[in-house]
Amino acid sequence: MTVEQETLTDKMSAAVDAYVERLTAGNAERIVELYADGATVEDPIGTDVRTTREQLLEFYTIIQNLDDRKATLKWKKVAGDTAVFEFTLVTHTAGMAFEITPVDIMVFNEEGKIVSMRAVWAQDDLKAL
């Protein structure tokens with residue numbers, strides 16, 4: 001493995017960690033900062049692909065507007081230009097709590113910015129607590 005690959009692997013791993021931390025913090029702007037210009041988000045797989053910065057901000061603002069949230073990384077694998085990871089997200093709104101555990105697939109550019117994110121989960125994976 002070359003130094004450049006090691007550096008990219010480190011950047012991708014750090015970006016995954018930052019993504020999970022920023023989901024907990026709930027600031028849409030800070031989450032979107034992890035994405036490259038022109039990045040795409042398909043969350044969950046099978047839904048419309050978000051392709052603009054405005055669409056990404058709108059999507060992550062949903063999380064930002066919840067009363068409380070806690071994301072916990074369960075595991076991650078990083079290879080080449082891709083990271084795959086599973087995390088649990090517990091959210092609270094209107095006096096109710098919900099949990100989901102998606103698997104995300106992220107592809108990165110040379111700078112360690114996300115160029116594509118696809119989330120693997122189905123509606124019946126969302127559980128009321």
Side-chain angles (χ1 to χ4, degrees):
M1 182 182 292
T2 67
V3 172
E4 291 81 19
Q5 289 171 322
E6 253 178 29
T7 302
L8 179 56
T9 299
D10 292 342
K11 286 179 182 178
M12 292 187 318
S13 182
V16 168
D17 293 343
Y19 180 79
V20 173
E21 290 167 9
R22 292 176 188 192
L23 285 174
T24 295
N27 183 311
E29 278 284 342
R30 298 275 294 136
I31 296 168
V32 173
E33 286 175 359
L34 298 169
Y35 286 89
D37 290 340
T40 61
V41 170
E42 185 180 4
D43 188 347
I45 289 177
T47 59
D48 290 339
V49 178
R50 294 159 183 91
T51 59
T52 67
R53 178 172 170 71
E54 292 74 25
Q55 289 173 325
L56 296 183
L57 281 170
E58 179 182 9
F59 175 68
Y60 287 110
T61 297
I62 294 167
I63 291 170
Q64 179 175 300
N65 290 337
L66 297 172
D67 298 333
D68 188 29
R69 71 229 131 244
K70 174 69 176 155
T72 306
L73 184 65
K74 296 180 81 164
W75 58 264
K76 68 181 165 184
K77 299 283 184 186
V78 179
D81 65 352
T82 304
V84 179
F85 60 99
E86 181 179 35
F87 66 99
T88 299
L89 178 63
V90 176
T91 60
H92 297 86
T93 187
M96 297 180 66
F98 298 92
E99 178 183 89
I100 190 153
T101 304
V103 174
D104 282 6
I105 305 161
M106 291 181 171
V107 177
F108 293 82
N109 65 15
E110 313 76 48
E111 288 82 42
K113 294 282 192 175
I114 304 161
V115 296
S116 168
M117 189 278 275
R118 300 180 80 207
V120 182
W121 64 275
Q123 192 62 42
D124 50 342
D125 293 327
L126 184 63
K127 299 178 176 101
L129 299 178

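As the structure is a prediction and not an experimental result, all values here were calculated from the model. Note that these values count all heavy atoms, side chains included, but never hydrogens, waters or copies made by symmetry.
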Check whether T47 reaches the backbone of P44 with its side chain - one donor and one acceptor, N or O, closer than 3.5 Å. yes
Report the distance from atom NZ of K113 to atom OH of Y35, rounding to the nearest 0.5 Å. 11.5 Å
Could you walk me through whether K77 and E86 pass the salt bridge (Lys or Arg N to Asp or Glu O under 4.0 Å) test, one step at a time? CA-CA 9 Å; K77 299 283 184 186; E86 181 179 35; over 6 Å; no
Intermediate values then yes/no, side chain to side chain donor-acceptor pair (under 3.5 Å), T40 and T51: CA-CA 5 Å; T40 61; T51 59; over 6 Å; no
For the CD1 atom of I114 and the CD1 atom of I31, what is their distance to the nearest 0.5 Å? 10.0 Å
Heavy-atom closest contact (D67 atom, G95 atom, distance): OD2-N, 4.5 Å
In short, L73 meets V16 closest at the heavy-atom pair CD1-CG1, 4.2 Å
Quick check: is Y19 connected to W75 through a chain of hydrophobic side chains (ILVMFWY, heavy atoms under 4.5 Å apart)? no
Donor-acceptor pair, side chain of K76 and main chain of S13, under 3.5 angstrom: yes
NZ (K70) and OG1 (T91) are apart, to the nearest 0.5 Å, by 14.0 Å
Non-hydrogen side-chain atoms of D43 and W121 separated by less than 4.5 Å: yes
If I take atom CG from residue D104 and atom CD from residue E42, how far apart are they, to the nearest 0.5 angstrom? 11.5 Å
Decide whether L23 and L126 are clustered together by the hydrophobic rule: side chain heavy atoms of Ile, Leu, Val, Met, Phe, Trp, Tyr closer than 4.5 Å, transitively. yes
With a sphere of 6.0 Å drawn around CG of N65, does it hold more than 12 non-hydrogen atoms of other residues, nucleotides or ligands? yes
Shortest non-hydrogen contact from V115 to A36? CG1-CB, 3.9 Å
Set of residues satisfying salt bridge (charged side-chain N to carboxylate O under 4.0 Å, His left out) with respect to E33, sequence neighbours excluded: R22, R30
Same cluster for I63 and L129 if Ile/Leu/Val/Met/Phe/Trp/Tyr side chains link at under 4.5 Å? no
Would you check, one step at a time, whether the test side-chain contact (heavy atoms from CB on, under 4.5 Å) holds for T82 with I105? CA-CA 7 Å; T82 304; I105 305 161; 4.0 Å; yes
One thing to verify: whether E99 and K127 come together as a salt bridge, which I'm taking to mean a side-chain N less than 4.0 angstrom from a carboxylate O. no
Can you give me the closest heavy-atom contact between R69 and T24, atom names plus distance? NE-O, 3.1 Å
Please determine whether residues F87 and F59 belong to a single hydrophobic cluster, defined as Ile, Leu, Val, Met, Phe, Trp and Tyr linked transitively by side-chain heavy-atom distances below 4.5 Å. yes
Which atom of G112 lies closest to which atom of A15, heavy atoms considered: O-CB, 4.1 Å
Out of curiosity, L8 CG to N109 CG, how far, rounded to the nearest 0.5 Å? 8.0 Å
side-chain contact (heavy atoms from CB on, under 4.5 Å) against A28, all qualifying residues, sequence neighbours excluded: L57, Y60, T61, Q64
side-chain contact (heavy atoms from CB on, under 4.5 Å) assessment of F98 paired with L89: CA-CA 8 Å; F98 298 92; L89 178 63; over 6 Å; no
In the single-linkage hydrophobic clustering (I, L, V, M, F, W, Y; side-chain heavy atoms under 4.5 Å), do L56 and I62 co-cluster? no
Return the CD to CD1 distance between Q123 and I100, rounded to the nearest 0.5 Å. 7.0 Å
